[in-house]
**Q** 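Quick one: this structure, given as structure tokens, is what I'll be asking you about.
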Number of protein chains: 2
Amino acid sequence: MNVRSEDLTARARIRDAAVARFGRDGFRAPVRAIAEDAGVSAGLVIHHFGSKDALRAECDHHVLTVVREQKSRAIAYASPAETIGMLSTVQEYAPLFAYIVRSLLDGGALAGHFVDGLVDDAADYLQAGEEAGTVRPSADPAGRARQVVALQVGLIVMAQLGAAAGHGVAPTESPAEAMVQLYERSMLAGLELYTHGLFTDTSYLDAYLEYRQKDGKS
Amino acid sequence: MNVRSEDLTARARIRDAAVARFGRDGFRAPVRAIAEDAGVSAGLVIHHFGSKDALRAECDHHVLTVVREQKSRAIAYASPAETIGMLSTVQEYAPLFAYIVRSLLDGGALAGHFVDGLVDDAADYLQAGEEAGTVRPSADPAGRARQVVALQVGLIVMAQLGAAAGHGVAPTESPAEAMVQLYERSMLAGLELYTHGLFTDTSYLDAYLEYRQKDGKS
DNA sequence: GCCACGGCTGAACACACGTTTAGCGTAGTG
DNA sequence: CACTACGCTAAACGTGTGTTCAGCCGTGGC
């Protein structure tokens, strides 16, 4: 996404246009629109990729590749402050993110892999945090990783539909902008939650443990 | 949804069929399929509602009404144990829930209202919890409410795409079942998070507060 | 008994979209 | 220069879908 369009082969140009279009308009976006964005005819899109579905598969693959690259690069940032700082780079990969969000909402195959990856990553980070003493140990590490990712996913979805940030969010702003805004507006509360929890005592947790003991799942 | 189909007028039957279909197959479901489910012709659907979009609007309205009814009834349950118990009733309203999830993923108008409602409710509950002494006070109550709802929404979306529960979830099961399963598998970790938090100290929170003070938002 | 009327149907229409196909232009090759 | 191969286009085709339309059928009123 950081290469000028003129430098790319038609095939790559179509792929990038498709990622952008799909991210912005969803997967119902017509092939003709993608073709126009890439400056080619609709027939050529099919000629190169065989079908729209195959084009999408290629987009999935490409996005996943880029994400993996960026992820391995992001491992470097580890300290709290730098982790926070990464937030500002979100905007740079807005098209990629938009595509992933669409895939998430569409329930596509990419979404599964992506979320699975997030869960695995979260589990690793939390494990590392535990060993470093910054993260509390958990009775259910996998479940906790899912919780953390779910919070992330939920924020993304809520940002996507714009209205979720509560009241007074302009509906005209871009999805990427909405996400950053929601992140900012929720960051404090999120860290608060992660730092102190929500409840003052253990009665809810105890109640659940007791309920679970009574009948081993329903 | 708890009235036998034969007792309803064709209009109501179409509406219910539409809610179920939309919930199961998404809003791309053909009018003809809905008509068949309701045992009527496609033309009649249009005859009654004017257009597919209008039908969807009617579904939105209907679902929102039912949700509001159930919500006001649910207010009665307040204690931790009973709150837990409510989980088992989720399956009963699976079609409604499926519809809401679709609306959520589609970014429809209903989703906004629904999530806004959830956020408002969460804020109220948390406020009440604070006053009752069971919930910690927060520096950003509205943000915290969003966090709680985001977690909820994220779990729903992850359940929707099935794969998100990590590995080893059969992809053939129904969405409603997947949701219940994911809920069960994440409940312990969720309560743990809400009870004890995630971090052992306040360094992350402190880092953010410091970052925020340096430049008043970007 | 008859008529009008509203719910209802099946066929037809209009349109958007993915895909196919015939052919054009140009670069590389002998 | 002739020829082939390939990237590419424009128009056409088939299909799925929302919507319209002409008419049927049972019911209630006169």
Side-chain angles (χ1 to χ4, degrees), chain A residues 3-63 99 102-103 105-110, chain B residues 3-63 99 102-103 105-110:
Chain A
V3 186
R4 302 200 61 81
S5 304
E6 299 84 25
D7 301 339
L8 297 172
T9 68
R11 192 186 159 88
R13 235 179 323 132
I14 292 170
R15 171 180 33 74
D16 286 355
V19 169
R21 261 285 168 186
F22 283 148
R24 198 157 63 78
D25 298 351
F27 293 105
R28 273 177 295 182
V31 172
R32 287 173 173 83
I34 296 169
E36 194 176 352
D37 289 351
V40 301
S41 71
L44 189 65
V45 175
I46 302 299
H47 177 222
H48 272 306
F49 297 92
S51 73
K52 186 183 181 181
D53 282 344
L55 169 60
R56 180 179 167 181
E58 186 101 353
C59 289
D60 276 13
H61 179 73
H62 178 243
V63 168
Y99 183 90
R102 287 293 178 187
S103 181
L105 300 181
D106 192 73
L110 171 66
Chain B
V3 186
R4 301 201 63 80
S5 302
E6 299 83 25
D7 302 338
L8 297 172
T9 68
R11 192 186 159 87
R13 235 179 325 132
I14 293 170
R15 180 195 3 91
D16 286 355
V19 169
R21 262 286 167 184
F22 283 148
R24 200 156 64 76
D25 299 352
F27 293 106
R28 273 176 294 182
V31 172
R32 287 172 174 85
I34 296 169
E36 194 176 353
D37 289 350
V40 300
S41 72
L44 189 64
V45 175
I46 302 298
H47 173 76
H48 273 306
F49 297 92
S51 73
K52 186 182 181 181
D53 281 345
L55 169 60
R56 181 180 168 180
E58 188 101 353
C59 289
D60 276 14
H61 180 72
H62 178 244
V63 168
Y99 183 90
R102 288 292 178 188
S103 181
L105 300 181
D106 193 72
L110 171 65

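Naming convention: chains lettered A, B, ... in sequence-line order (proteins, then strands); numbering from 1 in each chain. No experiment lies behind these values; they were computed from the predicted model shown.
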**Q** Kindly give the heavy-atom pair with the smallest separation between B/L44 and B/A10, and that separation in Å.
**A** CD2-CB, 4.4 Å
**Q** Which of the following nucleotides, D/dT19, C/dT20, D/dT9, is nearest to the side chain of A/I46?
**A** C/dT20
**Q** Side chain of A/S51: nearest nucleotide among C/dC8, C/dT19, D/dT19?
**A** C/dT19
**Q** At under 4.0 Å, does any side-chain N or O of B/H48 touch on OP1 or OP2 of C/dC8?
**A** yes
**Q** Measure CD/A/E36 against P/D/dA10 and give the value in whole Å, please.
**A** 11 Å
**Q** Measure from CD1 on A/I14 to P on D/dC8 and round the result to the nearest Å.
**A** 7 Å
**Q** Quick one: which of D/dG7, C/dC8, C/dT20 gets closest to the side chain of A/L44?
**A** D/dG7
**Q** Return the value, rounded to whole Å, for the distance between atom CZ of B/R56 and atom P of D/dT19.
**A** 13 Å
**Q** Ion pair present between B/D106 and B/R102, side-chain N to carboxylate O less than 4.0 angstrom?
**A** no
**Q** What is the separation between atom CG on A/D53 and atom C1' on C/dT19, rounded to the nearest whole Å?
**A** 12 Å
**Q** Output the rounded distance in Å from CZ (B/F49) to P (D/dG18).
**A** 15 Å
**Q** In whole Å, I'd like the distance from the CG atom of B/D25 to the C1' atom of D/dT17.
**A** 15 Å
**Q** Side chain of A/P30: nearest nucleotide among C/dG18, C/dT19, D/dT19?
**A** C/dG18
**Q** Considering only side-chain heavy atoms of A/V40, which listed nucleotide, D/dC8, D/dT9, C/dG18, is closest?
**A** D/dT9
**Q** Under 3.5 Å, is there an N or O donor on one side and an acceptor on the other linking the side chain of B/R28 and the base of D/dT17?
**A** no
**Q** Nearest to the side chain of A/R32 - C/dT20, C/dT9, D/dA12?
**A** D/dA12
**Q** Does A/F49 have A/R11 sitting over its ring (NZ/CZ under 6.0 Å from centre, angle to axis within 45°)?
**A** yes
**Q** Flag this pair as yes if the NZ/CZ of B/R56 is under 6.0 angstrom from the six-membered ring centre of B/F27 and inside a 45 degree cone about the axis; otherwise no.
**A** yes
**Q** What is the distance, to the nearest angstrom, from the NE2 atom on B/H47 to the C1' atom on C/dG6?
**A** 7 Å
**Q** Round to a whole Å and report the spacing from CG of B/L55 to C1' of D/dG18.
**A** 12 Å
**Q** Taking all non-hydrogen atoms of both residues, which atom of A/A42 and which atom of A/V31 are closest, and how far apart?
**A** O-CG1, 4.1 Å
